[in-house]
A.B. asks: 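Could you have a look at this structure, given as structure tokens, before my questions?
Chain A is the first sequence line, chain B the second, and so forth, proteins listed ahead of strands; every chain is numbered from 1.
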There are 2 protein chains.
Amino acid sequence: MKKAAAPQPYHHGDLRAALLEAGEAELAERGIEAFSLRGVARRAGVSHAAPAHHFGDAGGLLTALATEAFRRFVQRQQRRQSKAPPDPLSQLVAAGQGYIDFALEHPALFRLMFSSGRPSFDAPELVEAANAAFDKLEHDVKALRPDMTIADVQIVWSLTHGLADLLNGGRMKSLADQRPAQREATVAALLRTALGQIATR
Amino acid sequence: MKKAAAPQPYHHGDLRAALLEAGEAELAERGIEAFSLRGVARRAGVSHAAPAHHFGDAGGLLTALATEAFRRFVQRQQRRQSKAPPDPLSQLVAAGQGYIDFALEHPALFRLMFSSGRPSFDAPELVEAANAAFDKLEHDVKALRPDMTIADVQIVWSLTHGLADLLNGGRMKSLADQRPAQREATVAALLRTALGQIATR
DNA sequence: CGCCGATCTTGTCGCTGTCAAGTTCATTTT
DNA sequence: AAAATGAACTTGACAGCGACAAGATCGGCG
């Protein structure tokens, strides 16, 4: 994990990446609401003002984390899809499962991406990463049938996102309390039922 | 709004209610991530430590605010329903519209309710208020058809909540950018389409 | 070699939440 | 009526926070 060789070089070498890693750990352990820039610096073993040089302020670091998160978010969906049957409905269901996987595996990152005002959506890189996620969703929905509309995309997105967000917040008690294996099965069935209705409308 | 008579009585009289009001204003203006207990005290015109006596700590105040918010959340849905046709589908669509109305009218409260770890869901009053909201949803869904399952409730909830959350976060660009009147019409159409499919499945 | 700019540290500011101790005041007790 | 009680609120302190300014270090280029 850490270069044991060089003791404490003044210049870190790749502090930016180290701060991103530390930032994600901080986020995962303390949650977005207790996130502290100084805590990130401590984790990375640098002074409290070091992050400023690479990210400007706390928002900058969170923006970078959100950007990276959106990319991995898409990858998580693709990973699910690679193990699923190739028919469009199965692929869409798998994408939804990946969407929810990511939310439950990285609850704080998910909140950062969708329910926080701290990342700056003025940053072009973040917008691009978020748009890529949306484009993928749109593509997967339109693969169902050629005449799928923007409204259909919105419905599918809302359904998937709502499920992910409610599970992530622990608000949907009946599902959140299930053991992971069973919950996953229930979620899959839920998605297949709902998305199936939309597909064959 | 304020008793003009007594100048600055040592005992406020109803500081608890005043703090709740100030807390909501603070939340609305600065958002949950910049929420400050001292800011609330300033708004209410009391010392920075006054809130502790009534709410313990910041989490206590936010818990109380979330509890109140869940009650008004249900009322907002009922208000929509009272103006809608009495058939079950129209009523369910109206409830969904009220759900989204509340989210857009009180974005910070909505986040506090669904996407924050700060309110303590150990507090029985909060759990009760949140459960009441869920019970209402369940009732409205089951009014559609007698054989509606818990899975159907989960689907309806996810769809509605996802739409509300994505709009609230400004993430669903295509909808969030519309002018309020048009957006409302689009949302209504969306809900009617999606919920109609579920109802007549 | 010498300089220069990027990288990182140190120090400081006002702000925050929480705790402890003091002050005020309404009510009850005697 | 006077005193005691305890709730409501204030004052003061502490550590931790984000941001800024100024200084220290160091790789690379002239």
A.B. asks: Take the protein atom NE2 of His54(A) and the nucleotide atom C1' of dT7(C), then report the distance between them rounded to whole Å.
C.D. replies: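 Going from His54(A) (NE2) to dT7(C) (C1'), I get 6 Å.
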A.B. asks: State which of dC9(D), dC19(C), dC20(D) makes the closest approach to the side chain of Leu15(B).
C.D. replies: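 Closest nucleotide to the Leu15(B) side chain: dC9(D).
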A.B. asks: Should we count CD of Gln78(A) as having more than 12 external heavy atoms under 6.0 Å?
C.D. replies: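 More than 12 heavy atoms, drawn from other residues, nucleotides or ligands, come within 6.0 Å of this atom.
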A.B. asks: Where the side chain of Ala50(A) is concerned, which of dC20(D), dC8(C), dT10(D) is the nearest nucleotide?
C.D. replies: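 That would be dC8(C).
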A.B. asks: Between dC19(C), dT9(C), dT16(C), which nucleotide has the shortest distance from any of its atoms to the side chain of Arg42(B)?
C.D. replies: dT16(C)
A.B. asks: Measure from the side chain of Arg30(B), starting at C-beta and using heavy atoms only, and say which of dT7(C), dT10(C), dT16(C) lies closest.
C.D. replies: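 Of the candidates, dT16(C) comes closest.
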A.B. asks: Measure distances between side-chain N and O atoms of Arg38(B) and base N and O atoms of dT18(C), and say whether any donor-acceptor pair falls under 3.5 Å.
C.D. replies: yes
A.B. asks: Would you mind reading off the distance between Asp57(A) atom CG and dC20(D) atom P, rounded to a whole angstrom?
C.D. replies: 8 Å
A.B. asks: I want to verify a distance call: between dT7(C), dT10(C), dT11(D), whose nearest atom is closest to the His53(A) side chain?
C.D. replies: dT7(C)
A.B. asks: Would you say that Leu20(A) contacts Phe55(A) through its side chain, given a criterion of any heavy-atom pair below 4.5 Å between the two side chains?
C.D. replies: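 Counting from C-beta outward, Leu20(A) and Phe55(A) do come under 4.5 Å.
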A.B. asks: Of the nucleotides dT7(C), dG17(C), dA20(C), which one has an atom closest to the side chain of Ala49(B)?
C.D. replies: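 Looking only at side-chain atoms, Ala49(B) lies closest to dA20(C).
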A.B. asks: dG11(C) base to His48(A) side chain: any donor-acceptor pair below 3.5 Å?
C.D. replies: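 Answer is yes: a donor-acceptor pair is held.
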A.B. asks: With a sphere of 6.0 Å drawn around CZ of Arg79(B), does it hold more than 12 non-hydrogen atoms of other residues, nucleotides or ligands?
C.D. replies: no
A.B. asks: Between dT10(D), dA19(D), dT9(C), which one does the side chain of Leu37(A) approach most closely?
C.D. replies: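 So the nucleotide nearest the side chain must be dA19(D).
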A.B. asks: How close or far is atom P of dT7(C) from atom CG of Leu19(A), stated in whole angstroms?
C.D. replies: 12 Å
A.B. asks: Measure CG/Leu62(A) against C1'/dG18(D) and give the value in whole Å, please.
C.D. replies: 12 Å
A.B. asks: Rounded to the nearest Å, what distance is computed from the CD atom of residue Glu33(A) to the P atom of nucleotide dG17(C)?
C.D. replies: 13 Å
A.B. asks: How about Glu128(A): does its CD atom have over 12 heavy atoms from other parts shown lying under 6.0 Å from it?
C.D. replies: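 Atom CD in Glu128(A) is not packed in, count stays at 12 or less.
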A.B. asks: Can you check whether Gly117(B)'s main-chain N or O pairs, donor with acceptor, with Glu33(A)'s side chain at less than 3.5 Å?
C.D. replies: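 Indeed, once roles are kept as given, a pair shorter than 3.5 Å links the two residues.
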